[in-house]
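Worksheet: one structure, shown below.
Values below: every heavy atom of this structure, side chains too, minus hydrogens, waters and symmetry copies. Nothing fancy with the numbering, it's 1 onward along the sequence.
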Amino acid sequence: MVGRLGSLRESVSFHAATKTPSDGGGFDLSWNLHHSCRAEFIYHSGGEDTQAARFQGTQVYKIRIRSCAKARAIDTDMRMHDVRRYAENDRGVAKSGLYNIREVDAITDRNWVYIVAETGVAA
């Protein structure tokens with residue numbers, strides 16, 4: 001069923017950073033929901049950079065989501081949550097299911113947005 005909606009088995013959400021002034025004169029960073037949708041995780045064997053990332057303990061994935069205005073507005077300043085696998089530790093810090101967005105392709109295919117996301121690194 002590759003290329004059909006039936007292959008969108010995963011559930012993901014995309015979050016945008018928002019800075020708000022803090023009492024100490026700095027800024028507090030919070031992440032607000034931008035878009036939620038179904039997705040397909042595509043194995044990304046990749047080149048040298050992908051292989052090097054794996055040696056450093058990070059994983060690189062290619063994600064396919066249905067194109068819409070919100071999906072096309074996703075950018076590399078956002079981050080992605082894998083809804084089924086997202087978990088936090090006792091301090092509220094993500095320990096799994098959180099991805100940094102490295103690339104967004106909303107141009108190549110008008111029906112789909114392709115995202116390259118990486119886990120295991122700081123945002």
Side-chain angles (χ1 to χ4, degrees):
M1 282 196 126
V2 175
R4 303 212 180 250
L5 291 176
S7 62
L8 302 178
R9 294 185 179 102
E10 305 298 330
S11 183
V12 295
S13 61
F14 298 90
H15 300 260
T18 303
K19 289 182 182 178
T20 55
S22 67
D23 294 336
F27 289 94
D28 291 328
L29 185 67
S30 61
W31 293 91
N32 298 313
L33 179 64
H34 169 76
H35 181 58
S36 292
C37 61
R38 304 294 294 172
E40 177 184 12
F41 282 51
I42 303 167
Y43 178 70
H44 188 66
S45 58
E48 290 180 20
D49 56 339
T50 302
Q51 296 300 326
R54 289 199 175 105
F55 287 126
Q56 295 175 355
T58 63
Q59 295 294 317
V60 178
Y61 297 94
K62 189 170 188 179
I63 317 301
R64 182 176 75 134
I65 62 174
R66 192 82 171 139
S67 182
C68 68
K70 287 263 191 177
R72 289 188 302 275
I74 294 169
D75 64 26
T76 56
D77 293 335
M78 296 180 181
R79 61 186 190 184
M80 183 183 84
H81 290 184
D82 179 346
V83 174
R84 289 200 276 175
R85 294 171 186 89
Y86 182 77
E88 295 179 347
N89 63 17
D90 57 350
R91 294 174 306 196
V93 177
K95 63 179 183 176
S96 63
L98 180 65
Y99 302 84
N100 293 318
I101 299 171
R102 297 296 177 216
E103 297 176 30
V104 179
D105 176 6
I107 299 171
T108 304
D109 187 335
R110 69 181 187 166
N111 295 318
W112 304 102
V113 173
Y114 294 94
I115 297 165
V116 176
E118 183 177 22
T119 186
V121 294

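Within the 4.5 Å cutoff, the side chain of Thr119 has no heavy atoms near those of the Leu98 side chain. Between Phe14 and Ile65, the closest side-chain pair of non-hydrogen atoms falls below 4.5 Å. Counting heavy atoms from C-beta outward, Asp82 and Tyr99 have side chains that approach closer than 4.5 Å. Taking the side chain as every heavy atom from C-beta outward, Val113 and Ile74 never approach each other to under 4.5 Å.
Within 6.0 Å of atom CG in Leu33, more than 12 heavy atoms from other residues, nucleotides or ligands are found, so the atom counts as buried in its surroundings. Shown here is Arg110, whose CZ atom has no more than 12 heavy atoms of other residues, nucleotides or ligands within 6.0 Å.
For Ala73, the side chain to side chain contact (heavy atoms under 4.5 Å, CB included) partners at least two apart in sequence or on another chain are His34. For Arg38, the side chain to side chain contact (heavy atoms under 4.5 Å, CB included) test picks out Leu8, Ser11, with sequence neighbours left out. Every residue meeting the side chain to side chain contact (heavy atoms under 4.5 Å, CB included) condition with Asn111, not counting sequence neighbours, appears here in chain and number order: Arg66, Asp109. In terms of the ring-ring contact (aromatic ring centres under 6.0 Å, His included) criterion, residue partners of His15 (sequence neighbours excluded) are, by chain and number, His81. Looking at residues two or more places apart in sequence or on another chain, you find a side chain to side chain contact (heavy atoms under 4.5 Å, CB included) between Thr108 and Asp105.
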Show which side-chain atoms of residues 21-28 pair as donor or acceptor with protein atoms under 3.5 Å away, not counting sequence neighbours.
unit_1	atom_1	unit_2	atom_2	d
Ser22	OG	Gly26	N	3.3
Ser22	OG	Gly26	O	3.3

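For the atom pair Phe41 CZ and Ser7 OG, the distance stands at 12.5 Å (nearest 0.5 Å).
Side chain to side chain, Arg102 and Thr76 fail the donor-acceptor criterion of an N or O pair below 3.5 Å.
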